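Data block below; observations after.
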Amino acid sequence: MKNKQEGFVKEIPKKSENISEWYTSVILKGELADYSPVRGCMVIRPYGYAVWENIQDYLNRRFKETGHKNGYFPMFIPESFLKKEAEHVEGFAPQVALVTKGGGENLTEPLVVRPTSESIICSMYAKWIRSYRDLPVLINQWCSVVRWEKTTRLFLRSAEFLWQEGHTVHRTPEEAEEETEKMLEVYREFAEDFLALPVLTGKKTDGEKFAGADHTYTIEALMPDGQALQSGTSHNLGSHFAKAFDIKFLDKDNVEKYPYQTSWGVSTRIIGAIIMTHGDDRGLAFPPKVAPVQVVIVPIFYGQKEAVLEKAAEIKRVLSEKFRVELDDRDEYKPGWKFNEWEMKGVPLRLEIGPKDIEKNQVVASSRIEEGKIQIPVDNLSESVEKLLDDIQNKFYARAKTFFDSHIFEASSREEIKEHIKAGRKGFYKTAWCGSEECAEKTAEETSTTSRCIERRETAGGLCAGCGKAAYKYLYFGRAY
RNA sequence: CGGGACGUAGCGCAGCUUGGUAGCGCACAGCGUUCGGGACGCUGGGGCCGGAGGUUCAAAUCCUCUCGUCCCGACCA
């Protein structure tokens, strides 16, 4: 038998040799997305959109479990709205697209295409909220937003991207903080359990927080080239927006007060993280839970086309009750070709069925993450497949976690960070930190990194890697996408 | 936004230096034989050479501009 390694889909660069080219190539060849005629915008093709739909299904379930409802707010925002919160406009103004004409006439006030929806949502909340009895407000929306990015990359950074943004309003700061942390935890579980992506969780330094937030929590994934990828954020907005948009409520004590808000979001960027983390030289590789196709059945005819197809169709029918299944009955390709094709497309589990298998009442199974094939009986196939997929999901996570853990480097000084970088040790640099914003910024600047997140756990009393004063938290640095 | 590279058939490329009938491989269509890790034979279709100007009897080829993509850096989810 031919060595498995030789049979790769042609024309995919090696991931290990040039991850950027590999990344673009697997997305295009895997038919996840394509470039659009508009600079910086991407077209998400059905196979890629299926990934997003799976993400939506999972997150919608989790959001609803935690009491949220979906709504929808317009994509056009009066320019003046963005300007109401000082930090907010400063953060987003350089990136906005502006509509100045409509119906052939100049608009009296230009409209911003939303880069994020805090401002328009707050303007509505101001209308809806009167009493503490109206709180909390827990609304999420699925939409696209536009940020005029200078350089773009498929999924990771595009001028328009899809996301969800939750916007909540609370009576007390404690409640808002609880919500912010709760949603961060939802995101962490989403990344780790659903997408098999290990992440750091923690708080952003003030320099890195959301424009207009009191503070921001983040999940930070690590890409195979050692670069960090901010993959989801949960912001505690305090009362900044409430004050800017005049959202007030009458509390139990008959005193008018400003409420406390949060917002949190995950975008299609995270699909980029899935691709980079799990893919390999053979192409895409999806963890079963998020895979557009979980099981592909490849029939092997050997002169018994009808009998084999009939059995394969029956197996598909049974498995389709629980799984996303594809039966590749195309005549024009040989099995070997199909194997490579579906591996390139990242399907986690393949079942082969031929005349010999029918005789033995079995199928041959092959996992995307391990070499070798196993035979499994057709009886109770659904249960066997479920176990296999669970096992594959765990192996995806374990593999990613091993990489992740081995790329967190401790550094007790700026020099040590530089030494790590110089020695080619790319990843997260874990430092003890005094808590000073200035100190963090200086470390970032000197080492050409950015601060990624502050671990919530306290240090055991070390010294700050920046200034040498007493440290109280751990701060991670890294290079980011 | 800087620095580099590249736009020729759906994809990957050659042709450009030295201007003169637009090519190769894969893919695609038809027929037949094949099918447990990318099968083969025969026949066939497909291009304003990214776009706009210019030079020339003549431009894929030379010149100018422009648009787009990729890679490497600075900013962002």
Side-chain angles (χ1 to χ4, degrees), chain A residues 1-13 18-25 28-29 34-42 91-92 94-96 115-116 144-165 187 204 208-211 216 218-221 225 228-235 263-273 282 298-305 308 328-344 350-357 363-364 366 371-373 375 445 448 450 479-481:
Chain A
M1 207 217 305
K2 209 168 133 190
N3 182 344
K4 209 174 173 179
Q5 295 293 322
E6 290 170 5
F8 295 167
V9 170
K10 289 170 189 123
E11 294 156 12
I12 293 180
N18 187 334
I19 193 164
S20 291
E21 283 179 15
W22 170 88
Y23 177 78
T24 306
S25 167
L28 297 176
K29 298 209 186 310
D34 203 350
Y35 293 102
S36 82
V38 181
R39 195 201 76 89
C41 294
M42 69 185 285
F92 285 101
Q95 295 185 274
V96 298
T116 179
S144 73
V145 290
V146 169
R147 298 181 189 179
W148 220 256
E149 300 285 356
K150 286 171 185 162
T151 51
T152 58
R153 306 202 53 192
L154 296 169
F155 289 111
L156 295 176
R157 193 187 302 110
S158 47
E160 181 194 14
F161 58 91
L162 303 182
W163 76 349
Q164 59 69 218
E165 44 180 331
Y187 286 159
K204 286 288 187 189
E208 297 285 331
K209 73 180 181 188
F210 176 74
T216 289
T218 178
I219 55 172
E220 298 278 324
D225 56 359
L229 187 75
Q230 183 171 312
S231 304
T233 45
S234 182
H235 315 295
S263 69
W264 26 271
V266 156
S267 75
T268 38
R269 165 180 262 196
I270 206 158
I271 296 175
R282 314 168 77 81
V298 178
I300 291 135
F301 300 140
Y302 257 139
Q304 300 185 32
K305 191 172 166 185
V308 171
D328 190 351
D329 56 4
R330 288 177 294 180
D331 235 355
E332 60 270 31
Y333 298 111
K334 290 176 68 178
W337 193 93
K338 294 177 182 175
F339 296 165
N340 284 300
E341 176 79 0
W342 290 107
E343 279 164 13
M344 185 271 287
R350 182 182 70 238
L351 300 180
E352 302 164 25
I353 177 147
K356 283 187 249 166
D357 302 307
V363 295
V364 173
S366 170
E371 300 287 318
K373 300 183 182 187
Q375 279 123 33
E445 202 192 315
S448 300
T450 49
R479 291 196 171 141
Y481 272 93

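Residue numbers start from 1 in every chain, and the chains themselves are labelled A, B, ... in the order their sequence lines are given, proteins ahead of strands. All figures in this text were calculated on a predicted structure; none of them were measured in a lab.
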d(CD, A/Glu332; P, B/C31) in whole Å: 13 Å
What integer number of Å spans the P atoms of B/C65 and B/A5? 16 Å
Side chain of A/Arg269, backbone of A/Gln230: donor and acceptor closer than 3.5 Å? yes
Is there a Watson-Crick or G-U wobble partner for B/G23 with both distances under 3.5 Å, and if so, which one is it? B/C13
Rounded to whole Å, please give me the gap between OH in A/Tyr35 and P in B/C67. 19 Å
Gap between atoms CZ and P, on A/Arg282 and B/G37 respectively (whole Å): 13 Å
Do the ring planes of A/Tyr187 and A/Trp264 sit parallel (below 30°), tilted (30 to 60°) or perpendicular (above 60°)? perpendicular
A/Glu343 (side chain) and B/G37 (base): donor-acceptor pair under 3.5 Å: yes
In whole Å, what separates the C1' atom of B/C48 from that of B/U34? 42 Å
Distances under 3.5 Å between protein N/O atoms and the N/O atoms of nucleotides 32-36 of chain B, please, pair by pair.
{"residue": "B/G36", "atom": "O6", "partner": "A/Lys356", "partner atom": "N", "Å": "3.2"}
{"residue": "B/G36", "atom": "O6", "partner": "A/Asp357", "partner atom": "OD2", "Å": "3.2"}
{"residue": "B/G36", "atom": "N1", "partner": "A/Asp357", "partner atom": "OD2", "Å": "2.5"}
{"residue": "B/G36", "atom": "N2", "partner": "A/Glu352", "partner atom": "OE1", "Å": "2.9"}

If a protein heavy atom is under 4.0 Å from the base, mark B; if only from the sugar-phosphate, S; if neither, -; do that for nucleotides 71-77 of chain B going 5' to 3'. SSBB-BB
I'd like the C1' distance from B/U8 over to B/U61, given in whole Å. 11 Å
Closest listed nucleotide, where the reference is the side chain of A/Lys29 and the choices are B/C11, B/U69, B/G37: B/C11
